[in-house]
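Read the structure below first, then the notes.
Chain A is the first sequence line, chain B the second, and so forth, proteins listed ahead of strands; every chain is numbered from 1.
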Amino acid sequence: MANREKLINTALALLLPALALAAYGMGEPFYVTLATRIAILALAAAGLNLALGLGGLVSFGHAAFFGIGGYMAGIFATHAFNQTPLFTWPIEIAATDQMPVIWLVSAGVAALVALPIGLISLRTSGVYFIMITLAFAQMIYYFAISWPAYGGEDGLSITMRNGFPGVNTLDPLNYFLIAYGLLLLVLFIFTRIRDSRFGAALQAARQNEVRVASIGIRPLRIRLAAFVISAMITAVAGALFADLNRFVGPSMLSWNMSGELIVLIILGGTGRLFGPVAGAILFVLFEFALGGLTEHWQLFLGLILLGVVLFVRGGLIGLLAGKVHHG
Amino acid sequence: MAEPVLNICNLCKSFGALKATDDVSLDLYPGEIHALIGPNGAGKSTLIHQIAGTLKHNTGSIHFMGRDVSALGVSHRAQLGLGRTFQISSLTPEFSALRNVMLAVQANQGSSFRFWQPVMADASLKDRAMHMLERVGLVDRAPVPSAELSHGERRQLEIAIALALEPKAFLLDEPMAGMGPEGSKRLTGFLDTLRHEAPILLIEHDMDAVFALADRISVLVYGRIIATGTVDDIRRNPQVREAYLGESV
């Protein structure tokens with residue numbers, strides 16, 4: 001079973017670049033963008049998968065981190081384009097339009113926000129945890145709406161997509177490769193964390209919190225670290241997403257977005273390495289195929305989700321590769 | 001006499017009008033097995049919960065290794081060296097027997113914030129965990145997910161996890177429960193040697209095992225300790241015979 005999962009993962013990993021390259025070869029940049037969208041959503045969900053899948057922390061507020069990344073991309077792009085500094089006080093800091101810097105800042109800001117949110121939310125569990133994370137995300141959502149400096153309700157357009165050293169990011173294939181490369185890197189990091197001591201404690205705390213405490217490991221610390229790492233990854237995906245759309249608005253911070261990320265993971269397979277990738281492929285394909293037929297495509301998505309939850313508990317990966325195998 | 005490893009003094013715990021623990025005082029000295037017996041509903045498990053820290057007592061004190069641990073949480077007390085097993089096996093069901101013990105070894109080494117090296121390639125964890133499984137006779141079941149182990153095997157795994165913590169005191173909550181005569185006998189022999197590693201506070205219904213193992217016995221009835229003494233003291237105590245042994249002997 002473990003080998004079959006590897007096979008499926010490899011197939012999924014190859015599917016995305018194959019799609020992007022084929023579309024690029026046929027001169028269909030729209031489909032390259034579609035593949036990029038899949039890669040970025042998968043990246044965001046891979047971040048959430050660390051908290052939700054490994055740690056059992058159903059965060060209904062990850063849009064906050066996705067949006068924070070998005071706004072970082074938007075804010076840097078705007079300042080870089082207008083050649084105005086980010087801050088003038090206490091020291092003047094100039095903006096950059098280089099993605100690696102923006103990603104680091106996004107991850108850093110997300111970590112600073114996730115730390116207090118996690119510290120408060122993780123004292124609860126179950127439905128309360130879901131509701132508190134939602135409440136924090138909504139606070140950030142309304143803050144963005146009411147903050148006129150960066151577009152308020154209208155959001156922020158990114159006139160020039162941010163750059164990457166030595167790469168023309170305006171080329172859709174280049175941009176796909178950046179997003180895809182980052183996705184593979186994060187999936188690699190995910191496997192390392194999952195199989196590490198920290199990952200063992202995190203997964204054990206999901207299965208039996210009392211047991212973990214009674215051997216002398218504090219579940220709260222482990223979960224807090226997982227929550228923060230998870231938020232950082234999702235924020236980097238948010239920065240990429242804003243650059244892809246050349247736009248960031250409050251909708252990136254909305255609870256729909258948090259819900260979509262959870263849906264992605266459930267569709268693909270909770271806690272599975274390629275669950276977010278499988279989920280993002282399914283989600284974007286549904287959105288594209290069903291969305292072309294009817295405005296009410298989310299109704300059908302809901303039905304499919306219901307089917308998955310009722311009949312295929314492990315999502316697509318679980319259906320194809322069977323149960324998780326811990327060494 | 002040596003200092004007690006565990007010292008419980010005038011402990012009280014009420015749930016509403018019910019006094020679940022009523023002025024309990026109890027010591028555990030190095031090298032001894034102190035058995036805690038009592039009829040069902042006497043408050044044995046409630047007492048264990050308070051010692052382990054899953055429940056907070058109302059008044060009184062709990063000293064462990066000369067330190068007042070009353071304000072400390074479960075994980076903190078475990079770090080100080082309180083090795084507990086559960087009355088109803090409490091394991092990480094998806095993990096194999098080996099990984100269950102490896103997690104305890106990892107906790108004992110005090111290093112769960114390592115994010116990069118795979119645990120399964122970590123010989124320091126694996127060898128130590130295998131050694132613990134060997135001691136309880138579970139080596140050939142190492143790769144089996146703990147959810148798929150038999151009841152008796154889960155009880156053994158509980159012990160292996162406690163061993164891996166290298167505790168300063170064992171807190172064993174009915175380790176024989178549901179083991180069968182053969183298993184109980186083997187475990188009795190094992191616990192007999194274990195007392196030299198760390199003293200054991202043993203809660204047990206199996207009277208043969210208790211009488212064979214215990215250096216001292218405390219009898220808990222309605223949350224109160226009605227007698228503490230050697231096996232012979234307890235056997236002869238008329239109050240105990242009436243309250244407890246009268247039913248079973």
Side-chain angles (χ1 to χ4, degrees), chain A residues 1-2 50-51 53-56 122-123 185-186 188-230 232-233 270-273 313-314 318 322-327, chain B residues 48-49 52-54 73-86 88-96 98-122 124-126 142-143 145-147 158 161-162 164-167 171 173:
Chain A
M1 277 309 189
L50 196 81
L54 297 185
L122 287 168
R123 293 181 186 276
L185 175 69
V186 161
F188 175 65
I189 293 172
F190 183 93
T191 63
R192 297 306 295 225
I193 292 180
R194 180 192 63 193
D195 298 338
S196 71
R197 288 181 181 221
F198 173 78
L202 180 63
Q203 293 170 77
R206 166 172 54 79
Q207 296 171 51
N208 188 342
E209 180 173 2
V210 177
R211 162 50 75 191
V212 170
S214 70
I215 58 174
I217 297 174
R218 289 176 66 179
L220 178 68
R221 290 191 190 179
I222 300 285
R223 288 176 173 154
L224 184 61
F227 188 75
V228 170
I229 297 171
S230 159
M232 291 165 75
I233 294 171
T270 313
R272 308 304 277 264
L273 174 62
R313 290 292 288 275
K323 281 170 87 180
V324 186
H325 181 78
H326 298 283
Chain B
I48 286 285
H49 279 300
T54 32
V74 177
S75 46
H76 206 144
R77 294 187 200 189
Q79 281 166 10
L80 288 178
L82 206 55
R84 177 203 185 175
T85 68
F86 291 80
I88 297 162
S89 297
S90 176
L91 304 158
T92 44
E94 292 169 18
F95 281 179
S96 65
L98 177 64
R99 287 206 69 178
N100 265 280
V101 185
M102 282 172 71
L103 190 69
V105 177
Q106 168 185 328
N108 188 39
Q109 291 181 354
S111 50
S112 286
F113 281 93
R114 292 195 198 162
F115 297 85
W116 205 247
Q117 293 308 322
V119 272
M120 292 314 282
D122 190 334
S124 77
L125 289 181
K126 213 167 175 175
S146 67
E158 282 267 343
I161 291 170
L165 298 174
E166 301 183 308
L171 209 57
D173 196 356

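Counting heavy-atom pairs closer than 4.5 Å to chain A, the top residue among Ser75(B), Ser112(B), Gly73(B) is Ser75(B). Across Asn108(B), Asn100(B), Leu125(B), the residue that shares the most heavy-atom pairs under 4.5 angstrom with chain A is Leu125(B). Between chain B and the residues Ser214(A), Ala225(A), Gly199(A), the most heavy-atom pairs under 4.5 angstrom are made by Ser214(A). Ranked by non-hydrogen atom pairs under 4.5 Å with chain A, the options Gln79(B), Arg84(B), Arg77(B) are led by Gln79(B).
Counting heavy atoms from C-beta outward, Met120(B) and Met102(B) have side chains that approach closer than 4.5 Å. With a 4.5 Å cut-off on side-chain heavy atoms, Gln106(B) and Asp122(B) do not count as touching. For the pair His76(B)/Arg218(A), no side-chain contact is recorded, criterion being any heavy-atom separation below 4.5 Å from C-beta on.
Contact of Leu103(B) with chain A is made through backbone and side chain together, with heavy-atom distances under 4.5 Å. For Ala52(B), no part lies near chain A; criterion is any non-hydrogen pair under 4.5 Å. Proximity to chain A (any heavy atom under 4.5 Å) is shown, for Leu80(B), by neither the backbone nor the side chain. Heavy-atom distances place no part of Leu98(B) under 4.5 Å from chain A, backbone and side chain included. With a 4.5 Å cut-off on non-hydrogen atoms, Arg206(A) touches chain B through its side chain but not through its backbone. Only the side chain of Ile229(A) comes within contact range of chain B, with at least one heavy atom under 4.5 Å from a heavy atom of that chain. Both the backbone and the side chain of Ala201(A) come within less than 4.5 Å of a heavy atom of chain B.
A donor-acceptor contact under 3.5 angstrom links the side chains of Ser111(B) and Arg197(A), judged on distance only. A donor-acceptor pair shorter than 3.5 Å cannot be found between the side chains of Asn208(A) and Thr92(B).
Between Phe198(A) and Phe115(B), the ring-plane angle classifies as tilted under the 30° and 60° cut-offs.
Atom CZ of Arg192(A) is surrounded by more than 12 heavy atoms from other residues, nucleotides or ligands within 6.0 Å.
In this structure, NE2 on His49(B) lies 7.5 Å from CG on Asp173(B), to the nearest 0.5 angstrom.
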